[in-house]
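Sequence lines set the chain letters: A, B, ... in the order given, protein chains first and strands last, and positions in each chain run from 1. Basis for what follows: all heavy atoms, side chains included, without hydrogens, waters or symmetry-related copies.
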2 protein chains.
Amino acid sequence: MTSGQPLPQDREPSWTIAQVAERTGLSHDTLRYYEKAGLIERVGRTTGNQRRYEAADLLWLEFLLRLRETGMSISDMQHYARLRAEGDATVADRLAMLREHRAELADRMRALRRNASALDDKIEHYERLLDERRPGTDELT
Amino acid sequence: MTSGQPLPQDREPSWTIAQVAERTGLSHDTLRYYEKAGLIERVGRTTGNQRRYEAADLLWLEFLLRLRETGMSISDMQHYARLRAEGDATVADRLAMLREHRAELADRMRALRRNASALDDKIEHYERLLDERRPGTDELT
DNA sequence: GCTTGACCTGGAGCGCGCTCCAGGTTCTAC
DNA sequence: GTAGAACCTGGAGCGCGCTCCAGGTCAAGC
């Protein structure tokens, strides 16, 4: 009867907050803040109340970071996280959120491309302007 | 001797702050804030001290908005505006700033594309998941 | 057992980019 | 000339997304 329950060494691997911070690029404070804000469900603890992140926590964090990097606000991520916590019944709602976010992202990317090419024009303009001002450089070589 | 100096009706067109706000999508407060912050050189005034924006002001504002929309911070825009105010001698510096900004923009756009396609995968995954859960819908029609 | 560094909590503070406010002046239309 | 809308200034306030702090507890190596 020593092997019915998972023994300590059978447990899935877990990471300290410092390791997760290192890996995600988030600070300790930000990780704790995300948990306090409800973006992450309460992370498992040691008997001494220290966080131990598991693989699933890391996957979720990576997804959150993708949302953040594509410009989703904390409050929208909170909304998404709440839906997720409610389980499979909210899959359609989450899909709708992702589709809307994706569409906004497409808009922003279009705008960025437009602005980027306007910047390119300006840069080219400055380059020509500088070339014209130092015409001797070439003639002397 | 009545036509040597530009008469009032010869003046170039100008716009009130409300018209510029309407046109740029910025609020009155933001326009005043940008001027106070040194992003815009002091705009011309009526004798009664009310702002009258001219064509050159609008062009510069549009350029600033392009920098802002591509993620440049106010303090970097202040730096750029200071260089511009110093005149042609700073063209090379401004070009360097624009090139760096453009490179950062390219990086961010690459990251956005990566994240966008990861989002697309997730969206597809949810779509399949929903389809599988309601297999009857098709069979009955 | 002790030391030292990592970790905990609740709550205050901060930098950014505006936004709002009070109290006053100017412009426009009648 | 007057009413009402638009504008002015300096400065306070705000929402966001963290970041820092104080005052403690816990864990790992010696």
Side-chain angles (χ1 to χ4, degrees), chain A residues 8-9 11 13-54 57 61 63-82 101 104 108, chain B residues 8-9 11 13-54 57 61 63-82 101 104 108:
Chain A
Q9 58 270 33
R11 284 258 171 72
S14 67
W15 292 268
T16 66
I17 196 168
Q19 290 165 333
V20 175
E22 165 79 13
R23 191 167 152 159
T24 59
L26 296 172
S27 71
H28 304 192
D29 277 323
T30 300
L31 283 167
R32 287 192 274 251
Y33 164 68
Y34 279 7
E35 192 175 333
K36 206 182 330 189
L39 293 186
I40 308 174
E41 287 186 58
R42 188 175 163 83
V43 171
R45 312 282 161 135
T46 64
T47 54
N49 196 36
Q50 296 197 356
R51 289 171 179 79
R52 289 298 178 268
Y53 292 79
E54 299 181 0
D57 296 322
L61 256 176
F63 177 65
L64 277 183
L65 287 185
R66 198 136 45 225
L67 294 181
R68 186 186 74 165
E69 279 167 30
T70 50
M72 188 180 282
S73 68
I74 296 271
S75 69
D76 282 357
M77 290 194 283
Q78 285 171 328
H79 183 193
Y80 193 97
R82 251 178 278 124
H101 182 60
E104 285 165 9
R108 269 181 303 120
Chain B
Q9 58 270 34
R11 283 257 170 73
S14 67
W15 292 268
T16 67
I17 196 167
Q19 290 166 332
V20 175
E22 164 80 12
R23 191 166 154 160
T24 58
L26 296 172
S27 72
H28 304 192
D29 277 324
T30 299
L31 283 167
R32 287 191 275 252
Y33 164 67
Y34 279 7
E35 191 175 333
K36 208 183 325 190
L39 294 186
I40 309 173
E41 287 186 58
R42 187 176 165 82
V43 171
R45 313 282 161 134
T46 64
T47 54
N49 196 35
Q50 298 197 354
R51 288 170 179 80
R52 289 298 177 270
Y53 292 80
E54 300 182 359
D57 296 321
L61 255 176
F63 177 64
L64 278 183
L65 287 184
R66 197 135 46 223
L67 294 181
R68 186 186 76 165
E69 280 167 30
T70 49
M72 188 179 283
S73 68
I74 297 271
S75 69
D76 282 357
M77 291 193 283
Q78 285 171 328
H79 183 192
Y80 192 98
R82 249 178 280 124
H101 182 60
E104 285 164 8
R108 269 182 300 121

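Between Gln19(B) atom CD and dC7(D) atom C1' there is a gap of 13 Å when expressed in whole angstrom units. If you measure from atom CD1 of Ile17(A) to atom P of dC26(D), you get 17 Å, rounded to the nearest angstrom. Computed from coordinates, the Asp29(B) CG to dG13(D) C1' distance equals 12 Å when rounded to whole Å. Atom pair Glu35(B):CD and dG17(C):P shows a separation of 19 Å (rounding to whole Å applied). When the P atom of dA5(D) is taken as reference, atom NE2 of His28(B) falls 15 Å away, rounded to whole Å. We find that CG of Leu67(A) is positioned 17 Å from P of dC16(D), with the value rounded to whole Å. Gln78(A) has its CD atom 11 Å from the C1' atom of dG17(D), to the nearest Å. Taking atom CZ of Arg32(A) as the reference point, atom C1' of dC20(D) lies 11 Å away to the nearest angstrom.
The shortest distance between the side-chain N/O atoms of Thr30(B) and the OP1/OP2 oxygens of dT19(C) is below 4.0 Å. Using a 4.0 Å cut-off, no side-chain N or O of Ser73(B) falls inside it from OP1 or OP2 of dC16(C). Between Thr46(B) and dC27(C), a side-chain N or O to OP1/OP2 separation shorter than 4.0 Å is present. When the side-chain nitrogen and oxygen atoms of Arg68(A) are compared with OP1 and OP2 of dC16(D), none of them lie within a distance under 4.0 Å. Taking only side-chain nitrogens and oxygens, Tyr34(B) comes nearer than 4.0 Å to OP1 or OP2 of dC18(C). For the OP1/OP2 pair of dT26(C) and a distance below 4.0 Å, the side-chain nitrogens and oxygens of Thr47(B) include no atom meeting the criterion.
Judged by distance alone, with hydrogens and angles left aside, the side-chain atoms of Arg108(B) form a donor-acceptor pair with the main-chain N or O of Thr70(B) at under 3.5 Å. A donor-acceptor pair is defined here as one N or O able to donate and one able to accept, closer than 3.5 Å; no such pair exists between the side chain of Gln50(A) and the backbone of Thr16(A). No donor-acceptor pair under 3.5 Å is formed between the side chain of Arg51(B) and the backbone N or O of Arg32(B). A distance-only check finds no donor-acceptor pair linking the side chain of Glu54(B) to the backbone of Gly44(B) [under 3.5 Å].
The residue Arg51(A) sits close only to the backbone: its heavy atoms come under 4.0 Å of sugar-phosphate atoms, none of a base. The residue Asn49(B) sits close only to the backbone: its heavy atoms come under 4.0 Å of sugar-phosphate atoms, none of a base.
To the nearest 0.5 Å, atom CD1 of residue Ile40(B) and atom CE of residue Met77(B) are 10.0 Å apart.
Among the nucleotides dG17(D), dC7(C), dC27(C), the one closest to the side chain of Tyr33(A) is dG17(D). You'll find that the side chain of Arg45(B) is closest to dT9(D), out of dC7(C), dT9(D), dG17(C).
Each of Arg52(A) and Lys36(A) was matched to the nucleotide of DNA chain C holding its nearest heavy atom; the match closer to the 5' end belongs to Arg52(A).
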